[in-house]
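Report on one structure; see the data block that follows.
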Amino acid sequence: MIDLRLLREDTDRVRASQAARGEDPSTVDTLLLAAERRRETVGRADTLRGEQKTIGKRVSQATPAERPALMTQAKELAAAVRSAVADEAAAEAALRQAQLAVPNVIEDGVPAGGEDDYVVVKEIGDKPTFAGFTPRDHVGLGRLLGAIDTERGAKVSGARFYFLTGQGALLQLALLNMAVAQAVETGFTTVITPTLVRPEVMGGTGYLGAHATEVYRLEADDLYLVGTSEVPLAGLHMDEILDLSAGPRRYAGWSSCYRREAGSYGKDTQGIIRVHQFDKVEMFSYCDPADAREEHDRMLAWEEQMLAKVELPYRVIETAAGDLGSSAARKYDCEAWIPTQGRYRELTSTSNCTTFQARRLNIRYRDTEGRPQFAATLNGTLATTRWLVAILENHQQADGSVAVPAALRPYLGGREVLQPQ
RNA sequence: GGAGGCUUCGCCUAGUCCGGUCUAUGGCGCCGCACUGCUAAUGCGGUUGGGGUUCACGCCCCUCCCGGGUUCAAAUCCCGGAGCCUCCGCCA
């Protein structure tokens, strides 16, 4: 939900944002009209209600003789109020609809265009060279190590499900624990979140818009399975006024994540790159909107710190406007090199949602004058199941064993190598 | 799954039976001022949130869990729903 004051005062900026996203700029004009119409109807209804209250008071104090005349007036007013309130409600609903149709206004400098119009910010690390052997993909390695069982995942739950077993399960736990440890060191509050949320929380985070088909819904209970702990972490402080005077409130959420992967038929059908269920440690920050850009930079830095710990070659890209979620004003992805695919694949993603989610979820803080204002929210990935793909492939050795990056060893009981079973 | 209770302006709370100066009581906390050599204590005042209007002071409207209804008028009456709590049953 965007700021209506910004819309009124800088309409061109909102239009330009829509254009950069490749979306219909006319939604902006619809929204402007709806906002204007709402203001008119509110004004009229307020005035009539005021008159009604005045006359209501006179009725209560009137003598029996005065009463009938006053009652006639009061009844007429009551009818007028009813109709004005109905208009107000209709205008209010139309405004809400129009607001839901407009995604967040992008930040200055975000590249225009779609999925392929990203900008490479930097490339870090050396891609591995496999002397004297052909590297195995993560599926082969996972089988060899007894780490990943996709066949039985499919048997039990269907395509895009898997079991992590033995060293695979331990590797994931080690990775996620390392992420939690880093988050704790950095001052995050660790949270294990619900993974089923109410419609208003799912909607408030912006996931029930264009990508609603991506979300699992439990119809019998009217609950949604979260695709990331960003959702429950954003809901955590819904309808609250936070004290941000000491700086951002930061949470690291650990949860399973569920995605329908609708419309991705044929993509990444092998292995655990694109799956219906995975685990993730996610950073989430509530902060003063004035600090949001800096916080975004910090989130990216923390992601890169994790990538350095697992010794992966990666690049950072800035996503183009059309590839941003509806809530995001700017997004950076870190993509790790996947040797057997010969390309970079997304391992992390950090979004600055500015005040967009907070407006929908009614999350505020008090400014220096003590007035409630909408907070900014940001999120970023610290580790996910998909990281196992990059770790296995990049650190594999000729015999199918995998070297454990030094930073990860303490979380694997000191183990230095994963051995074929 | 069954039965009962509860939900009021940050927290606690009065008010709901019997509709109208409820324009919501009091306490705690917080802020300001006064007083005292400092602190404490005390006194006085302020303190829900949202919206509309205004250069501004201010004024107006909404807000007593949510949504409907009755009524000239609803915190209060009626219907529906949500959340929390307690007990019983069942299951992990």
Side-chain angles (χ1 to χ4, degrees), chain A residues 1-9 31-100 192-204 217-224 231-232 234-246 249 256 286 289 355-375:
Chain A
M1 189 176 292
I2 68 164
D3 183 1
L4 292 179
R5 193 173 314 144
L6 170 75
L7 174 75
R8 216 165 16 200
E9 288 168 5
L31 181 54
L32 261 177
L33 269 169
E36 185 52 40
R37 169 113 185 94
R38 177 189 161 274
R39 280 201 296 167
E40 285 167 18
T41 56
V42 165
R44 196 147 26 109
D46 278 5
T47 307
L48 284 168
R49 245 190 309 244
E51 290 172 22
Q52 188 190 29
K53 283 181 73 165
T54 310
I55 208 155
K57 236 165 262 173
R58 282 170 62 199
V59 168
S60 68
Q61 292 160 357
T63 64
E66 301 169 325
R67 213 164 248 266
L70 279 174
M71 286 288 273
T72 310
Q73 263 192 72
K75 282 185 188 182
E76 279 167 19
L77 255 181
V81 166
R82 235 189 316 274
S83 118
V85 166
D87 289 348
E88 186 185 4
E92 215 57 89
L95 175 62
R96 208 168 312 122
Q97 278 305 109
Q99 277 179 310
L100 292 179
I192 293 171
T193 72
T195 52
L196 285 167
V197 299
R198 299 168 182 284
E200 58 271 31
V201 175
M202 190 56 86
R217 172 158 184 242
L218 276 77
E219 183 135 27
D221 300 284
D222 202 16
L223 290 169
Y224 292 91
V231 176
L236 183 67
H237 289 305
M238 176 171 67
D239 294 325
E240 293 182 25
I241 299 177
L242 301 171
D243 182 2
L244 296 179
S245 58
R249 284 273 274 265
S256 290
Y286 296 89
T355 58
F356 187 87
Q357 287 179 332
R359 280 171 204 283
R360 292 186 174 199
L361 293 169
N362 192 29
I363 301 162
R364 293 169 296 170
Y365 72 103
R366 287 192 192 277
D367 64 18
T368 45
E369 266 120 53
R371 318 177 72 112
Q373 306 282 359
F374 288 111

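Everything numeric here is computed off the predicted structure, so don't read it as measured data. These numbers come from the heavy atoms of this one structure, side chains and all, not from hydrogens, waters or symmetry mates. First the proteins, then the strands, lettered A, B, ... as listed; each starts at 1.
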Study note, to complete from the structure: Walking RNA chain B from its 5' end, the first of A:I241 and A:T54 to be reached, judged by nearest nucleotide, is A:I241
Study note, to complete from the structure: Per atom distances to the A:R49 side chain, the nearest of B:rC62, B:rG49, B:rG51 is B:rC62
Review point. OP1, OP2 of B:rC62 versus side-chain N and O of A:K53: anything below 4.0 Å?
Key: yes
Check your understanding: In the strands shown, is B:rA75 matched to any nucleotide by a Watson-Crick or G-U wobble pair with both distances under 3.5 Å, and which?
Key -> none
Exercise for review: Please tell me which of the listed nucleotides, B:rU23, B:rG50, B:rA82, lies nearest to the side chain of A:R198?
Suggested key: B:rA82
Check your understanding: Rounded to the Å, how far apart are A:R360 CZ and B:rG50 C1'?
Key -> 19 Å
Check your understanding: Who is the Watson-Crick or G-U wobble partner of B:rC35, with both distances under 3.5 Å?
Key -> none
Revision key, fill the gap. In whole angstroms, the gap separating P of B:rG10 from CG of A:L242 amounts to 15 Å
Practice item. Report the distance from atom CG of A:L95 to atom C1' of B:rG51, rounded to the nearest whole Å. Key: 12 Å
Practice item. Would you mind reading off the distance between A:R38 atom CZ and B:rC61 atom C1', rounded to a whole angstrom? Key: 12 Å
Exercise for review: Tell which nucleotide pairs with B:rG19, taking only Watson-Crick or G-U wobble pairs whose two distances are both under 3.5 angstrom.
Suggested key: none
Exercise for review: Provide, to the nearest angstrom, the distance between the CD atom belonging to A:E40 and the C1' atom belonging to B:rU53.
Suggested key: 14 Å
Exercise for review: Using a heavy-atom cut-off of under 4.0 Å over every strand shown, decide if A:V59 touches base, sugar-phosphate, or nothing.
Suggested key: base
Practice item. Please state whether the phosphate of B:rU53, meaning OP1 or OP2, lies under 4.0 angstrom from any side-chain nitrogen or oxygen of A:R39. Key: yes
Study note, to complete from the structure: Residue pair A:R67/A:A74 against RNA chain B: nearer the 5' end by closest nucleotide is A:R67
Review point. In terms of side-chain heavy atoms of A:S60, which of B:rG20, B:rU23, B:rG51 is nearest?
Key: B:rG20
Review point. Does A:Q52 make a side-chain N or O approach to OP1 or OP2 of B:rC72 shorter than 4.0 Å?
Key: no
Study note, to complete from the structure: Across every strand shown, the nucleotide meeting Watson-Crick or G-U wobble geometry with B:rU7 (both distances under 3.5 Å) is B:rA82
